[in-house]
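Inspection log for the structure reproduced underneath, given as structure tokens.
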There are 2 protein chains.
Amino acid sequence: MNIRYPNGTAYHQSAKRPATTMSQTTNYGDRGMSLEAELNESNQYYLNQGVAVIHKKPTPVQIVKVDYPKRSAATIKEAYFRQPSTTDYNGVYQGYYLDFDAKETKNKTSFPLKNFHAHQIAHLRACVAAGGIGFAIIRFTDDVATFLLPASFLFHCWDDALQTDGRKSIRRSAIEAHGYQINPALNPLVPYLNAVDQLITATKK
Amino acid sequence: MNIRYPNGTAYHQSAKRPATTMSQTTNYGDRGMSLEAELNESNQYYLNQGVAVIHKKPTPVQIVKVDYPKRSAATIKEAYFRQPSTTDYNGVYQGYYLDFDAKETKNKTSFPLKNFHAHQIAHLRACVAAGGIGFAIIRFTDDVATFLLPASFLFHCWDDALQTDGRKSIRRSAIEAHGYQINPALNPLVPYLNAVDQLITATKK
């Protein structure tokens, strides 16, 4: 068998993809990690550096049946995924409460608002009303461009989409205009607190 | 059969208890709800009133096997409980980041420090260092007395317990002296944000 192994970076399903279809372009922004994995690494970096304490919340699960075998750990035998009532990430940075969700889209020119659930928007509104800083981290996977979008602008787009003739997505150009681009780095991979700094400064003006 | 039933307060399995042995004393502080259930209700009340956004984090679960039967929801068939890396509760109140854990003890005169895990204390320390407000809510179930204990005093006791001759528990008298008692109410059941107000005022002095 003449199997050729990839020597590029973005080779995800190596077992299923023939070597002849390897992408010829190397994308240095995405080496196979999801936005979620990159954010988790970034949060760990911020925690280790004593900069911020931000965690992704565990996936909520409704546990129905648990086995307690002798001499070993409890095993969950039946459980179901529950709808989360909040966003995925929250924590504290320089005394500020941060609350956000992270979303990826394959679209190139717009971000579909159906990526958000109504309860996530409601949660972000409540957080902002209680004095927290809310936002979304949005990535266009095609060119791995990542933006922090302030909650205020997200609410504006969400409310517009509820109108009969409202746009159901946010134009990328609007995200570029109203958001803050997060340039990838090494430590952390997604230095989104730089964008949070900009957001705090802009809010204070 | 002459089985005698207790007529104290901590008898929770009322369904199995014949009506003739009903407790003669009414304890308005504990109607069979756990501290966790009371806090969840209190947080829902605070959320509905627009006062604060505080949630208990889901129990972290390591999912190993999921079934996706046709026409029905995904069923988790094998999963294990994971050790949480944070405390159970966090959120935002008047722009402050709050982070805490809630613990009950049957002890009457002291609170054993083994109720806390080292990683919970480490997490609280990181939150306080990042500008958040950390504390513990401690309940003595015997007389249903509930206290908010500031993280600073908890750290002091924790560090002392690490000494060879250090106390491995916190005296109730010390909790009464360094904490803030939370008197039970109707709405919310555990009005702990009153104690947080006192803590904020004391910290600003």
Side-chain angles (χ1 to χ4, degrees), chain A residues 40 43-44 46-69 72-99 119 122-134 193, chain B residues 40 43-44 46-69 72-99 119 122-134 193:
Chain A
N40 288 348
N43 288 335
Q44 189 61 50
Y46 284 135
L47 181 65
N48 294 346
Q49 297 291 312
V51 172
V53 185
I54 296 151
H55 287 276
K56 182 173 188 292
K57 293 189 181 181
T59 305
V61 158
Q62 182 71 45
I63 296 165
V64 175
K65 193 176 153 196
V66 182
D67 263 17
Y68 297 96
S72 73
T75 306
I76 299 162
K77 288 292 191 187
E78 185 185 352
Y80 299 90
F81 293 102
R82 281 192 296 137
Q83 179 89 324
S85 53
T86 67
T87 50
D88 276 353
Y89 299 86
N90 76 353
V92 58
Y93 167 59
Q94 292 186 354
Y96 293 102
Y97 172 82
L98 306 187
D99 199 292
H119 65 86
H123 171 73
L124 278 176
R125 279 194 218 267
C127 289
V128 171
I133 296 176
L193 290 182
Chain B
N40 288 347
N43 287 337
Q44 189 61 50
Y46 284 134
L47 181 65
N48 294 346
Q49 297 291 312
V51 172
V53 185
I54 297 151
H55 287 276
K56 181 172 188 293
K57 293 189 181 181
T59 305
V61 158
Q62 182 72 44
I63 296 165
V64 175
K65 192 177 151 196
V66 182
D67 263 16
Y68 298 96
S72 72
T75 307
I76 299 162
K77 287 293 189 185
E78 185 184 352
Y80 298 90
F81 293 103
R82 280 192 296 138
Q83 179 89 326
S85 52
T86 67
T87 50
D88 276 354
Y89 300 86
N90 75 353
V92 58
Y93 167 58
Q94 292 185 355
Y96 293 103
Y97 172 83
L98 305 187
D99 200 292
H119 65 85
H123 172 72
L124 279 176
R125 279 194 218 267
C127 289
V128 170
I133 296 176
L193 290 182

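As a basis for the values below, the full set of heavy atoms in this structure was taken, side chains included, without hydrogen atoms, waters or symmetry mates. Proteins come first, then strands; the chains are lettered A, B, ... in the order of their sequence lines, and each starts at number 1.
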Distance-only donor-acceptor pairs under 3.5 Å for side chains of residues 55-68 of chain B, two or more places apart:
{"unit_1": "B:Lys57", "atom_1": "NZ", "unit_2": "B:Thr86", "atom_2": "OG1", "d": "3.2"}

Options A:Ala129, A:Cys127, A:Gly132, ranked by heavy-atom pairs under 4.5 Å with chain B, top entry: A:Cys127

Can I get a per-line list of side-chain donor-acceptor pairs under 3.5 Å for residues 90-99 of chain A, giving both atom names and the distance, sequence neighbours left out?
{"unit_1": "A:Asn90", "atom_1": "OD1", "unit_2": "B:Asn90", "atom_2": "ND2", "d": "3.0"}
{"unit_1": "A:Asn90", "atom_1": "ND2", "unit_2": "A:Tyr97", "atom_2": "OH", "d": "3.1"}
{"unit_1": "A:Asn90", "atom_1": "ND2", "unit_2": "B:Asn90", "atom_2": "OD1", "d": "3.0"}
{"unit_1": "A:Tyr93", "atom_1": "OH", "unit_2": "A:Asp197", "atom_2": "OD1", "d": "2.6"}
{"unit_1": "A:Tyr93", "atom_1": "OH", "unit_2": "A:Asp197", "atom_2": "OD2", "d": "3.3"}
{"unit_1": "A:Tyr96", "atom_1": "OH", "unit_2": "A:Lys204", "atom_2": "NZ", "d": "3.2"}
{"unit_1": "A:Tyr97", "atom_1": "OH", "unit_2": "A:Asp99", "atom_2": "OD2", "d": "2.5"}
{"unit_1": "A:Asp99", "atom_1": "OD1", "unit_2": "A:Thr87", "atom_2": "OG1", "d": "2.3"}
{"unit_1": "A:Asp99", "atom_1": "OD1", "unit_2": "A:His123", "atom_2": "NE2", "d": "3.3"}
{"unit_1": "A:Asp99", "atom_1": "OD2", "unit_2": "A:His123", "atom_2": "NE2", "d": "2.9"}

Between A:Ala74 and B:Tyr80, the two heavy atoms sitting closest are O-CD2, 3.5 Å

Supply the atom-to-atom distance B:Lys77 NZ to A:Lys77 NZ, rounded to the nearest 0.5 angstrom. 10.0 Å

What part of B:Ala79 gets closer than 4.5 Å to chain A, counting heavy atoms only: side chain, backbone, both or neither? both

